[in-house]
Amino acid sequence: MSGDGGEYPSDLTDEQWALVEPLLPPARVGPKGGRREKHPRRRIVDAIFYVVRTGCAWRQLPKDFAPWPTVYWYFTWWHDDGTVERIHDALRGRVREADGRDAEPSAGLIDSQSVRTADTVPAATRGFDAGKKVKGRKRFIVTDTLGLLLAVHVVAASVQDRDGAKRPLLWTRLDHPGVRKVWADQGFAGRLVEWVAQILGRDLEIVRKAPDRRGFQVQPKRWAVERTFAWLTAHRRLARDYETSPAHSETMIRWAMIGVMVRRLTRGQPAIRSGPRSLSRTETHRLNCGAAEGSWLTS
């Protein structure tokens with residue numbers, strides 16, 4: 001496999017694999033040593049990223065990966081034993097340090113996103129978000145001010161923001177005690193602010209829209225968490241929720257963020273969108289000729 005990656009754009013490069021490989025658990029072997037794993041770990045990880053990025057079903061993995069039951073077995077094993085969380089958290093610390101920050105954050109952001117679900121998702125884990133007019137599940141995420149994930153919780157879309165936010169805020173308090181302040185939008189106002197202050201001993205500040213502004217408005221502080229949702233939904237597996245278990249949905253989100261972070265670490269800086277490109281004289285001439293031809297045909 002070349003340093004530019006494997007056969008698919010979602011495959012890890014050699015440099016990216018060097019970040020992930022040391023964080024994986026040792027191979028499972030029996031008391032007498034057992035046999036070596038049949039499929040390379042790298043191709044297992046590439047297959048998981050392929051599913052996350054393209055949104056294909058496990059059964060439709062290309063044949064050049066390991067058999068889909070094997071890939072799914074690794075996915076559930078690394079979910080159950082906490083490997084995915086450990087990889088994610090280790091990489092988050094490296095990204096923060098590369099950005100000149102402390103490995104542990106001191107402030108956070110919380111937001112929710114309602115997404116539709118596939119027909120295979122159990123009805124007991126789905127609901128209807130009357131505000132967003134979405135039938136499915138709701139994702140609660142807490143991020144640092146860089147937009148890196150600190151906590152994620154997936155519930156039915158019918159759960160109110162002020163109720164569904166309690167668990168990820170509690171996890172943030174336990175796992176990241178240095179986070180003293182969290183910013184949120186108006187949907188989290190009310191009793192939740194008092195609960196955070198009294199039970200968690202933290203400050204939940206509500207960022208409100210300017211009263212004279214209508215429609216979308218970039219809000220101070222909170223834009224970073226909204227950008228994180230954009231990162232996530234760029235992965236087709238996360239544009240809709242396909243997972244039978246909400247816990248597996250949370251793991252899919254972590255895998256997506258792992259991909260974001262390894263690309264950022266190996267790139268050395270956040271992605272920069274290319275600006276508008278000026279057309280060459282030849283391209284301008286072709287466009288003008290095409291427009292003239294079209295007007296002649298429709299006249």
Side-chain angles (χ1 to χ4, degrees), residues 10 45-61 65 68-69 71-80 82-85 87-88 109-143 147-172 184-185 187-188 224-261:
S10 57
V45 173
D46 283 343
I48 293 173
F49 277 123
Y50 184 90
V51 171
V52 175
R53 194 72 187 182
T54 67
C56 80
W58 291 106
R59 292 176 180 271
Q60 295 185 12
L61 272 172
F65 288 120
W68 77 264
V71 177
Y72 186 72
W73 183 85
Y74 277 96
F75 174 84
T76 55
W77 171 26
W78 292 337
H79 162 85
D80 292 341
T83 293
V84 181
E85 288 190 50
I87 295 174
H88 174 274
L109 313 159
I110 187 170
D111 204 356
S112 67
Q113 178 190 54
S114 295
V115 293
R116 291 180 172 83
T117 50
D119 295 339
T120 54
V121 173
T125 65
R126 290 182 286 171
F128 182 70
D129 183 341
K132 303 289 181 63
K133 302 295 187 289
V134 171
K135 183 177 182 181
R137 284 176 176 162
K138 183 177 288 189
R139 300 163 178 162
F140 289 88
I141 63 171
V142 180
T143 72
L148 304 176
L149 195 67
L150 301 180
V152 56
H153 186 41
V154 177
V155 296
S158 54
V159 175
Q160 296 294 319
D161 282 356
R162 60 179 175 270
D163 297 323
K166 290 183 177 180
R167 187 166 294 183
L169 286 171
L170 174 61
W171 291 338
T172 302
D185 68 12
F188 297 88
V225 69
E226 293 168 352
R227 182 184 61 180
T228 302
F229 278 129
W231 290 342
L232 295 177
T233 51
H235 298 76
R236 291 192 175 187
R237 186 76 179 196
L238 299 177
R240 184 183 291 262
D241 197 327
Y242 296 93
E243 313 312 318
T244 303
S245 163
H248 281 181
S249 296
E250 296 165 6
T251 295
M252 281 289 182
I253 290 172
R254 289 191 178 93
W255 273 114
M257 288 302 298
I258 289 170
V260 169
M261 290 188 292

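In what follows, every heavy atom counts, from backbone to side chain, and hydrogens, waters and symmetry copies are set aside.
In this structure, CD on Glu226 lies 13.0 Å from CH2 on Trp231, to the nearest 0.5 angstrom. Taking CD1 from Ile48 and CD1 from Ile258, the interatomic distance works out to 9.0 Å, rounded to the nearest 0.5 Å. Rounding to the nearest 0.5 angstrom, the gap separating the CZ atom in Arg162 from the CZ atom in Phe188 is 11.0 Å. The NE2 atom of His153 sits 4.5 Å away from the CZ atom of Arg167 when rounded to the nearest 0.5 Å. We find the NE2-OH distance between His79 and Tyr72 to be 9.0 Å, quoted to the nearest 0.5 Å. Rounded to the nearest 0.5 angstrom, Thr228 OG1 and Leu148 CG are separated by 7.0 Å.
Taking the side chain as every heavy atom from C-beta outward, Asp111 and Asp185 approach each other to under 4.5 Å. Thr76 has its side chain within reach of His248: a pair of non-hydrogen atoms, C-beta onward, lies under 4.5 Å apart. Counting heavy atoms from C-beta on, the side chains of Thr233 and Arg139 come closer than 4.5 Å. When side chains are defined from C-beta on, His88 counts as touching Met257, because their heavy atoms get closer than 4.5 Å. Between Val152 and Phe140, the closest side-chain pair of non-hydrogen atoms is not below 4.5 Å. Side-chain atoms of Ile110 and Leu169, non-hydrogen and from C-beta on, do get closer than 4.5 Å to each other. No side-chain heavy atom of Asp46 sits less than 4.5 Å from a side-chain heavy atom of Ser10. Side-chain contact check for Tyr242 versus Val121: every heavy-atom pair is 4.5 Å or farther apart.
The two residues Ala157 and Gly127 have their closest heavy-atom pair at CB-O, 3.6 Å. Taking every heavy atom of both residues into account, Gly187 and Asp161 meet most closely at O-CB, 3.5 Å.
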_What verdict does the side chain to side chain contact (heavy atoms under 4.5 Å, CB included) test give for Phe229 and Ile141, after you've listed the backbone C-alpha separation in whole Å, the side-chain angles of each residue and the deciding distance to 0.1 Å?_
CA-CA 9 Å; Phe229 278 129; Ile141 63 171; 3.5 Å; yes
*From CA spacing to verdict: side chain to side chain contact (heavy atoms under 4.5 Å, CB included), Met252, Leu238*: CA-CA 8 Å; Met252 281 289 182; Leu238 299 177; 3.9 Å; yes
*Start with the C-alpha gap between Val155 and Lys138, add the side-chain angles, then the distance that decides, and say whether side chain to side chain contact (heavy atoms under 4.5 Å, CB included) holds.*
CA-CA 5 Å; Val155 296; Lys138 183 177 288 189; 4.2 Å; yes
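In summary, Glu243 and Arg237 engage in a salt bridge, as defined by a charged side-chain N under 4.0 Å from a carboxylate O.
Between Trp255 and Trp78, the ring planes lie tilted relative to each other; the angle falls in the 30° to 60° range. Ring planes of Phe75 and Trp58: tilted class, angle from 30 to 60°.
No hydrogens or angles considered: a donor-acceptor pair under 3.5 Å links the side chains of His235 and Arg53.
Listed by first then second residue, pairs satisfying side-chain hydrogen bond (donor to acceptor under 3.5 Å, both in side chains) with a partner in residues 123-137 read Ser114-Asp129, Thr125-Arg137, Arg137-Asp241, Arg137-Ser249, not counting sequence neighbours.
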